[in-house]
Amino acid sequence: MNDDEFLKHAIMEDDHWWFRARRELLWQLVARRIYPLPQRLLEIGCGTGGNLLFLKNYIPQVTGIDPSPLAARLAQQRTGLDIRHGNFQEIPIHEWQTIELVLLADVLEHVENDQAFLYELWSRMADESYLLLTVPAHSFLWSNHDICLGHYRRYAPGQLIALFAELPAQILVSRPLNTLLFPAIAGYRLLSREKERPASQSDFFSMPAWLNTLLWAIFRLEGLWFPLRLLPMGVSHVLLVRKRSTS
């Protein structure tokens, strides 16, 4: 992702409807499905720190790492947390034994070889630790937004689950995310293909406060039935996976 997008995220992600509702729903999922609650979280690809700024209110130890020097610096400034610049492979092996939850929030689609990435991550994670993972869904929604953000793909749910087929993994939750707004977003993405737009322009932009609040409220409504899978399709997909003991 280019530096302009990181600067944009740092300005808007605390209040933007999509970022705000997503992190609130992800925490709701963690609070309902992981017991006891994790005491240490690592976010890989933490960007400019919006998720960590929120999660540090609930988890005693949160830290992040990002390959972008700009993103890591902005995250450090915004959160005051231990934010590292680099890749997760650079984290010392002994540290992984204390990490109970790993967060990959819309990261895997940025990785060219996603299976190798997950296999290497799994080899480092502690037994019985958890991975919370979100990705953009459905290849037919591919648009300039994906190109701008540096995505390699969007995922079908089965394609995502298949990545864990040969790993010691238990999938606890697999469900669509951002379902109520799916028709509107799908329509916008499909129609925008017919219009000329700058190649560097994503779908993250400022909007009137009333509209931002309305979209947040609609997205956030999913929390009422989050344990269930009532709608078949969403703009994103979320997995909660536990690493099975290998001993």
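Values below: every heavy atom of this structure, side chains too, minus hydrogens, waters and symmetry copies.
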Run the side chain to side chain contact (heavy atoms under 4.5 Å, CB included) test on Arg244 and Asp127 for me, step by step, so that the C-alpha distance in whole Å, both residues' side-chain angles and the decisive distance to 0.1 Å come before the verdict. CA-CA 6 Å; Arg244 288 194 173 119; Asp127 289 351; over 6 Å; no
Sub-3.5 Å donor-acceptor pair from the side chain of Thr213 to the main-chain atoms of Trp210, do we have one? no
Answer yes or no: is there a donor N or O on one side and an acceptor on the other, between the side chain of Gln97 and the main chain of Ala126, under 3.5 Å?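 No: the side chain of Gln97 does not pair with the backbone of Ala126.
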Verify the cluster assignment for [X] and [Y]: are they in a single hydrophobic cluster under the rule of side-chain heavy atoms below 4.5 Å apart?
X: Leu25; Y: Val107; answer: no
X: Val241; Y: Tyr35; answer: no
X: Leu224; Y: Leu214; answer: yes
X: Phe88; Y: Leu103; answer: no
X: Ile91; Y: Leu104; answer: yes

Evaluate Phe19 against Asp14 for side chain to side chain contact (heavy atoms under 4.5 Å, CB included), listing each step before the verdict. CA-CA 7 Å; Phe19 291 102; Asp14 291 345; over 6 Å; no
How long is the span from the [atom1] atom in [X] to the [atom2] atom in [Y], to the nearest 0.5 Å?
X: Leu239; Y: Tyr130; atom1: CG; atom2: OH; value: 15.0 Å
X: Leu240; Y: Leu101; atom1: CG; atom2: CG; value: 7.5 Å
X: Leu74; Y: Ser68; atom1: CG; atom2: OG; value: 8.0 Å
X: Leu29; Y: Glu24; atom1: CG; atom2: CD; value: 14.0 Å
X: His85; Y: Arg73; atom1: NE2; atom2: CZ; value: 10.0 Å
X: Leu108; Y: Phe117; atom1: CG; atom2: CZ; value: 6.5 Å

Go through the steps to decide whether Asn178 and Glu222 satisfy the test side chain to side chain contact (heavy atoms under 4.5 Å, CB included), and finish with yes or no. CA-CA 8 Å; Asn178 202 356; Glu222 293 183 26; 4.3 Å; yes
Which residue is it: Asp114, Asp146, Val135? I am looking for the one with a side chain to side chain contact (heavy atoms under 4.5 Å, CB included) to Arg153.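 So, applying the side chain to side chain contact (heavy atoms under 4.5 Å, CB included) to Arg153 and each of Asp114, Asp146, Val135, only Asp114 qualifies.
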Check: [Y] and [X] side chains under 4.5 Å, non-hydrogen atoms:
X: Asn87; Y: Ile65; result: no
X: Leu26; Y: Val238; result: yes
X: Glu128; Y: Lys243; result: no
X: Val102; Y: Met125; result: yes
X: Ile147; Y: Trp142; result: yes

Residues two or more places apart in sequence or in another chain: which of them pass side-chain contact (heavy atoms from CB on, under 4.5 Å) with Glu112? Tyr152
What heavy-atom pair brings [X] and [Y] nearest, and what distance separates the two atoms?
X: Phe182; Y: Val235; value: CD1-N, 3.7 Å
X: Arg154; Y: Leu141; value: NE-CB, 3.6 Å
X: Pro183; Y: Leu180; value: CD-O, 3.5 Å
X: Ile83; Y: Ala72; value: CG2-O, 3.6 Å
X: Trp122; Y: Pro168; value: NE1-O, 3.2 Å
X: His138; Y: Gly234; value: CD2-O, 3.2 Å

Indicate yes or no: does Arg84 engage Asp66 in a salt bridge with an N to O separation below 4.0 Å. no
NZ/NE/NH1/NH2 to OD/OE distance under 4.0 Å, Arg22 and Asp106: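 Salt bridge flag = yes for Asp106 with Arg22.
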[X] side chain to [Y] side chain, donor-acceptor N/O pair below 3.5 angstrom:
X: His237; Y: Ser174; answer: yes
X: Arg220; Y: Gln28; answer: yes
X: Gln170; Y: Arg242; answer: yes

Taking CG in Asp15 as the centre, count heavy atoms belonging to other residues, nucleotides or ligands within less than 6.0 Å. Is the count above 12?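 12 or below, so no.
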Distance-only donor-acceptor hits, side chain of residues 156-166, under 3.5 Å, sequence neighbours excluded:
{"residue": "Gln159", "atom": "OE1", "partner": "Ala156", "partner atom": "N", "Å": "3.2"}

Output side-chain donor-acceptor pairs under 3.5 Å for residues 37-55, partner residues at least two apart or in another chain, one line each.
{"residue": "Gln39", "atom": "NE2", "partner": "Leu37", "partner atom": "O", "Å": "3.2"}
{"residue": "Arg40", "atom": "NH1", "partner": "Thr98", "partner atom": "OG1", "Å": "2.6"}
{"residue": "Arg40", "atom": "NH2", "partner": "Glu95", "partner atom": "OE1", "Å": "3.4"}
{"residue": "Glu43", "atom": "OE2", "partner": "Asn51", "partner atom": "ND2", "Å": "2.9"}
{"residue": "Thr48", "atom": "OG1", "partner": "Glu13", "partner atom": "OE2", "Å": "2.3"}

Steps toward side chain to side chain contact (heavy atoms under 4.5 Å, CB included) verdict (Trp17, Leu181): CA-CA 12 Å; Trp17 66 270; Leu181 290 169; 3.5 Å; yes
